[in-house]
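Report on the following structure.
All chains are named by letter (A, B, ...) in the order of the sequence lines, taking the proteins before the strands, and each is independently numbered beginning at 1. Scope of the values below: all heavy atoms of this structure, side chains included, with no hydrogens, waters or symmetry mates.
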Amino acid sequence: MNTTDSVVVLDFETTGLSPRQGDRAIEIGAVRVVEGRVVARFQRLMNPGFRISPFIESYTGIDNAMLRDAPPCAEVMHEFAGFIEGHRLVAHNAAFDRRFLEAELDAIGLAPHAEAFACSMRIARRLYPQAPNHKLATLVDYRGLARQGAFHRALADAEMTAQLWLGMLAEVAQRAGRSLVPFGLMQRLEGTPKRAVDALLADWADPA
DNA sequence: TGCCAGGCCCTCTTTAGGGCCTT
């Protein structure tokens, strides 16, 4: 199932939860999806300029030795800005990745990304309220999607989020009886109260 | 000094609290 729009699905691994508290990105992974297919990939480790905690080493599998010779965040983010330029974005719990994207772009003097940013977690909560929970790993298993590598590495998580995104496009298309699902409809779904989701899809359904 | 994320979302709500997600 396709959308008429291309998107970049991305995932950051970071030193913690909050750029305002001094946390930095340590890895970015992203896939560009066009017409239902992954057509490009981006993955870079980046050196945050300080040692990461044992917790983050354990959580991500990225250790200080791996980051010691990695290029600095500024170099990687300049390159990544080119990868996402002009593309709408998707991430799982997008508010988290948006904060780090904006912080890292701001740190190198670039403006915030201008295109829309959709959240696969918020949409999944509306489409799959019966799922055990809405963590990425749980949803991958719940939807029977193929695992693409180790969870909590950026490219693997981006790949699996992309598969979840495509699966949700198919779900929306099936429920609405449409063949193409615009990005804008997914954004509307994301912002629709759960109890109004069925009505939204019914309104959007092809009357024929 | 003391504290330390942010924001959505549900409900035993709205003069609030707590769980969920991301690292």
Side-chain angles (χ1 to χ4, degrees), chain A residues 8-31 43-64 66-67 70 73 76-77 80 84 89-107 112-113 116-143 145 147-165 167-168 186-200:
Chain A
V8 169
V9 185
L10 65 90
D11 182 71
F12 277 105
E13 303 306 318
T14 72
T15 64
L17 293 171
S18 175
R20 286 189 181 182
Q21 300 295 319
D23 289 316
R24 300 294 303 272
I26 57 174
E27 187 182 40
I28 179 66
V31 296
Q43 184 275 326
R44 299 284 189 282
L45 290 170
M46 54 189 121
N47 188 329
F50 54 88
R51 291 182 61 82
I52 63 174
S53 69
F55 171 79
I56 293 298
E57 288 186 310
S58 174
Y59 187 85
T60 64
I62 299 167
D63 60 32
N64 283 291
M66 296 164 67
L67 296 176
C73 296
V76 172
M77 291 306 299
F80 187 61
I84 63 176
L89 305 179
V90 175
H92 202 68
N93 196 5
F96 174 87
D97 292 279
R98 178 198 290 271
R99 280 195 294 275
F100 276 93
L101 177 63
E102 291 185 353
E104 294 295 349
L105 291 178
D106 183 67
H113 189 67
F117 203 150
C119 178
S120 57
M121 184 190 74
R122 293 183 67 197
I123 295 170
R125 281 177 168 163
R126 285 156 176 75
L127 291 180
Y128 311 123
Q130 70 278 26
N133 60 58
H134 298 88
K135 297 177 183 179
L136 178 60
T138 300
L139 290 166
V140 165
D141 290 342
Y142 180 76
R143 294 286 292 140
L145 304 173
R147 294 192 171 207
Q148 303 289 323
F151 284 110
H152 305 308
R153 285 302 300 266
L155 183 58
D157 281 5
E159 298 256 18
M160 288 186 279
T161 301
Q163 294 308 311
L164 175 64
W165 173 257
M168 293 193 300
M186 299 298 273
Q187 283 197 295
R188 285 175 57 196
L189 178 61
E190 180 183 332
T192 297
K194 285 183 180 178
R195 60 175 62 94
V197 164
D198 288 342
L200 171 69

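- When distances are taken from the side chain of Lys194(A) to each of dC10(B), dT22(B), dT23(B), the shortest belongs to dC10(B).
- Of the residues in residues 122-132 of chain A, those placing a heavy atom less than 4.0 Å from an atom of DNA chain B are Arg122(A), Arg125(A), Arg126(A), in numerical order.
- Taking atom CD of residue Glu27(A) and atom P of nucleotide dT22(B), one finds them 16 Å apart after rounding to whole Å.
- Residues satisfying the side chain to side chain contact (heavy atoms under 4.5 Å, CB included) criterion with Pro129(A), sequence neighbours excluded, are absent altogether.
- Put simply, CZ on Phe55(A) is 14 Å from P on dA5(B), counting in whole angstrom units.
- Residues satisfying the side chain to side chain donor-acceptor pair (under 3.5 Å) criterion with Thr161(A), sequence neighbours excluded, are absent altogether.
- Between the OH atom of Tyr59(A) and the P atom of dC21(B) there is a distance of 12 Å, given to the nearest Å.
- For Arg99(A), there are no salt bridge (Lys or Arg N to Asp or Glu O under 4.0 Å) partners at least two apart in sequence or on another chain.
- Taking the six-membered ring for Trp and thresholds of 30 and 60 degrees, Phe100(A) and Phe12(A) have ring planes inclined between 30 and 60 degrees apart.
- The salt bridge (Lys or Arg N to Asp or Glu O under 4.0 Å) search around Arg125(A) returns none, not counting sequence neighbours.
- For Asn133(A) and dT22(B), the CG to C1' distance is 13 Å, given to the nearest whole Å.
- If you find the closest nucleotide of DNA chain B to Lys135(A) and to Arg195(A), the one lying nearer the 5' end belongs to Arg195(A).
- Contact check of residues 8-18 of chain A against DNA chain B (heavy atom, cut-off under 4.0 Å) returns Asp11(A), Phe12(A), Glu13(A), Thr14(A), Gly16(A), Leu17(A), Ser18(A).
- Smallest separation of non-hydrogen atoms from Ala94(A) and Ala118(A): CB-O, 3.6 Å.
- For Ala124(A), the side chain to side chain contact (heavy atoms under 4.5 Å, CB included) partners are Tyr128(A), His134(A), Leu139(A), Met168(A), not counting sequence neighbours.
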Mind listing the side-chain donor-acceptor pairs of residues 186-200 of chain A below 3.5 Å, one per line with the distance, residues two or more places apart or on another chain?
from      : atom 1 : to        : atom 2 : distance (Å)
Glu190(A) : OE1    : Cys119(A) : N      : 3.0
Glu190(A) : OE2    : Arg122(A) : NH1    : 3.2
Thr192(A) : OG1    : Arg188(A) : O      : 2.6

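- What separates CZ of Phe151(A) from C1' of dT23(B) is a distance of 16 Å, to the nearest Å.
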Filtered N/O pairs between nucleotides 1-4 of chain B and protein, under 3.5 Å:
from   : atom 1 : to       : atom 2 : distance (Å)
dC4(B) : O2     : Gln21(A) : OE1    : 3.3

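- Qualifying side chain to side chain contact (heavy atoms under 4.5 Å, CB included) partners for Ser58(A), counting only residues two or more places apart in sequence or in other chains: none.
- Sorted by first then second residue, the salt bridge (charged side-chain N to carboxylate O under 4.0 Å, His left out) pairs that include residues 147-160 of chain A, not counting sequence neighbours, are Glu27(A)-Arg153(A), Arg41(A)-Glu159(A), Asp141(A)-Arg147(A).
- With sequence neighbours excluded, the residues satisfying side chain to side chain contact (heavy atoms under 4.5 Å, CB included) with Asn133(A) are Lys135(A), Thr138(A).
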